[in-house]
Amino acid sequence: MSIESLLTSKVIEAVKECYGVEAEADKVQLQATRREFSGDLTVVVFPFTRFSKKSPEDTGKELGEYLKQHIDEIKDYNVVKGFLNIEISSAYWLSVLNEVAKDPKYGYVHEKSGHTYMIEYSSPNTNKPLHLGHIRNNLLGWSVSEIQKANGHDVKMVNLVNDRGIHICKSMVAWKKFANGATPESSGMKGDHFVGDYYVRFDKEYKAEIKQLMEQGMEEEEAKKQAPVLLEAQEMLRKWEAGDEKTVALWRMMNDWVLKGFDETYRLMGVSFDKVYFESQTYKKGRDIVLKGLVDGVLYRKDTGSVWADLTGDGLDHKLLLRDDGTSVYMTQDIGTAYERFNEFAMDEMIYVVGNEQNYHFQVLSLICGKLGFDWANKIKHLSYGMVELPEGKMKSREGTVVDADDLMEAMIDTARETSRELGKLDGYSDEEAEEVYRKVALGALKYFILKVDPKKTMMFNPKESIDFNGNTGPFIQYTYARIQSVLRKAAEMSIVLQYADLHIELSDKEQNLIKLLSKLPEIVKEAGVTYSPALLANYSYDLAKEFNQFYHDFSILKEENAALKNFRLLLAQECAEAIKNAMGMLGIEMPERM
């Protein structure tokens, strides 16, 4: 039983013994004692004064005296106005440390919950490489998945590749018109970068044609619709959906180039999937479902031939599901994909990790699936996150102004290499060992900087800030972990064998506070799972690292002469390192053993 649970039950018992009243558990308000007062936990006394008929101070003293006599773990108490501050004994906190030390996977739930999630993240288009926005998406999706696993849930991590549609055809048209048969191999480029260049080229050509048509007297809106290169892309999409062999062969070749490039990026980023879905394989099912909804009278067709859902009764508008020419839109494809998934897996929740500009889309997806009669419609959840911005402003992929994911990760590794060399942190390492540390530090910096921000918030990414070895950064936390490993290696060289802590040691406030913070990891993991917020774990890791460094600065560990105290401090250091490693591991951040 936790000290909070024990204290709650004993307060109820104290009220009954002292005042003859059965108090309800929700009347017992516990909170961490404020720093300016002595104590660990504070009981709010005001709710019990109506039973005692006494002042808050006198009521607090009576309850405090009863609790001290009946709970061995209470060392002392004090009353400040209507607040009863309880001081917990060192022996209790030492026993907490020993319990933490017994758990090799501290912070993880060891029993299965029976709850199954499917979490979709990444969802790239095969017309361009992954960029900084995708990095936040991938890191968030992967981390949320790992946190749910840590909470005992079964998780299916999936990717939906958007490998069809007009945007894909734009790259295909540009390649046919301008590539002269060039390939990624012949150009020495990664396939996703190669194809992405043709997507940018299409946009330049499209804008030039619009300008030319307007100069010939055409209105801008009409010029946008009549630009020859766009008409070519629309015709290519129709051919693809009709199964034209040459079009499909070109599509397959270019998609393969891009997918190989994506795989390289995912490997460097350290993310993976249990299953990859392709829109080209699910959009037909979505179209079939929509056509059945039309027959059943759930949907309606306009005179032009397009199919719509009327959502005005739900406070929304009319939603297009099939275009005039019968081709699918994103919503249709997502309906088909959701249907396939729920038929394949028994899921309690299907979580889509997608930016907040798609809030309306997922509201509509759940609504339409419900109208179509699917009982899983209410299991669709949207993990909406804010955009990543740069000091220069927003990114635009069709204009080629995005921050490429590969380029960013390589630049981060270069910065980590440069910073580490300046600080002389890896003197004596082989080149291979040093490069491995640079990679861990660089990706740790990137992942931490992205994940420490609440997912709902728009964030500003600053690469230089992220890789600082001081402050609230990944490298600072990694360095703290490596510092502890250095202490533990020296202890091993001194033939010190760690044992559980002696319960008779008297702890300083700083040592007690460090154990207290260490003990909070399981509840932080639980809260991060409920709120889908890796930021809670990121900032917990920083708080623990910062608290440990203050302890390390103020107290001797290996030079401590008292053997029991030395053993305790080594054990405390070891468990802080394990907690940091486990928490950061849920964020996908690796801990270097030496830095």
Side-chain angles (χ1 to χ4, degrees), residues 1-14 17 28 30-35 37-43 60-80 83-104 106-107 484 487-488 491 496-524 543-544 547-548 550-552 554-579:
M1 182 186 289
S2 70
I3 192 67
E4 289 86 359
S5 300
L6 176 61
L7 198 51
T8 298
S9 66
K10 288 295 183 182
V11 168
I12 293 170
E13 184 181 295
E17 287 295 320
V28 181
L30 291 183
Q31 56 196 37
T33 302
R34 288 165 57 177
R35 282 188 176 270
F37 300 118
S38 175
D40 298 294
L41 289 167
T42 296
V43 181
K61 287 174 184 174
E62 286 180 351
L63 293 177
E65 198 57 40
Y66 183 92
L67 294 173
K68 186 178 178 182
Q69 289 174 15
H70 291 82
I71 301 178
D72 293 339
E73 290 82 357
I74 292 181
K75 180 181 178 182
D76 208 348
Y77 72 89
N78 63 83
V79 179
V80 180
F83 299 94
L84 169 59
N85 302 318
I86 304 292
E87 190 177 340
I88 308 300
S89 69
S90 291
Y92 171 78
W93 293 115
L94 288 161
S95 69
V96 167
L97 176 63
N98 286 342
E99 286 303 311
V100 169
K102 290 175 186 175
D103 187 350
Y106 178 60
I484 296 172
V487 172
L488 295 173
I496 297 174
V497 178
L498 275 180
Q499 300 172 347
Y500 292 127
D502 183 339
L503 300 184
H504 297 94
I505 295 169
E506 272 304 314
L507 299 176
S508 67
D509 288 346
K510 200 170 286 287
E511 289 167 326
Q512 191 163 295
N513 287 339
L514 193 49
I515 298 174
K516 217 183 292 186
L517 185 55
L518 183 61
S519 73
K520 291 183 183 299
L521 179 57
E523 66 185 73
I524 298 291
D543 289 343
L544 186 57
E547 193 79 21
F548 176 83
Q550 290 172 358
F551 156 76
Y552 183 81
D554 293 350
F555 293 88
S556 174
I557 298 180
L558 293 176
K559 292 181 180 178
E560 171 56 51
E561 293 181 1
N562 182 302
L565 203 49
K566 181 191 294 184
N567 176 77
F568 152 70
R569 288 176 182 165
L570 278 169
L571 184 67
L572 179 58
Q574 174 182 276
E575 295 314 312
C576 285
E578 283 303 300

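Reckoned from all heavy atoms, side chains included, excluding hydrogens, waters and symmetry mates. All residue numbers in this chain count up from 1 along the given sequence.
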Using the salt bridge (charged side-chain N to carboxylate O under 4.0 Å, His left out) criterion, which residues pair with [X]? Sequence neighbours excluded.
| X | value |
| --- | --- |
| Glu73 | none |
| Lys102 | Glu99 |
| Lys520 | none |
| Asp502 | none |

Can you name the nearest heavy-atom pair linking [X] to [Y], along with the distance?
| X | Y | value |
| --- | --- | --- |
| Ser38 | Glu87 | OG-OE1, 3.7 Å |
| Tyr92 | Ser2 | OH-C, 4.4 Å |
| Ala14 | Leu63 | CB-CD2, 3.8 Å |
| Ile505 | Ala564 | CD1-O, 3.5 Å |
| Glu547 | Leu514 | CG-CD1, 3.6 Å |
| Ala577 | Ile484 | CB-CG2, 3.7 Å |

Results of side chain to side chain donor-acceptor pair (under 3.5 Å) for [X] - residues two or more places apart only:
| X | answer |
| --- | --- |
| Tyr552 | none |
| Asp103 | His110 |
| Tyr77 | Glu65 |
| Gln512 | Asp40 |

* To do: Going by the side chain to side chain contact (heavy atoms under 4.5 Å, CB included) test, name the single residue among Thr8, Leu41, Ile86 that passes it with Ile3.
  => Leu41
Distance in Å, [X] [atom1] paired with [Y] [atom2], rounded so as to fall on 0.5 Å steps:
| X | Y | atom1 | atom2 | answer |
| --- | --- | --- | --- | --- |
| Gln499 | Leu570 | CD | CG | 11.5 Å |
| Tyr66 | Glu17 | OH | CD | 4.5 Å |
| Asn85 | Gln31 | CG | CD | 9.0 Å |

Contacts of type side chain to side chain contact (heavy atoms under 4.5 Å, CB included), residue [X], not counting sequence neighbours:
| X | answer |
| --- | --- |
| Ile515 | Trp93, Val96, Leu97, Leu507, Phe568, Leu572 |
| Lys10 | Leu6, Glu13, Leu67, Ile71 |
| Asn98 | Tyr500, Ala501, Leu503, Leu571 |

Heavy-atom side-chain proximity of [X] to [Y] below 4.5 angstrom:
| X | Y | result |
| --- | --- | --- |
| Val80 | Thr42 | no |
| Cys576 | Phe551 | no |
| Leu30 | Val43 | yes |

* Could you walk me through whether Asn513 and Lys516 pass the side-chain contact (heavy atoms from CB on, under 4.5 Å) test, one step at a time? => CA-CA 5 Å; Asn513 287 339; Lys516 217 183 292 186; 3.5 Å; yes
* So with a 6.0 Å cut-off around CG of Asp554, is the heavy-atom count from everything else above 12? -> yes
* To do: Return yes when atom NZ of Lys61 has more than 12 non-hydrogen atoms of other residues, nucleotides or ligands closer than 6.0 Å, and no otherwise.
  => no
* side chain to side chain donor-acceptor pair (under 3.5 Å): which pairs involve residues 556-567, sequence neighbours left out? -> Glu560-Arg569
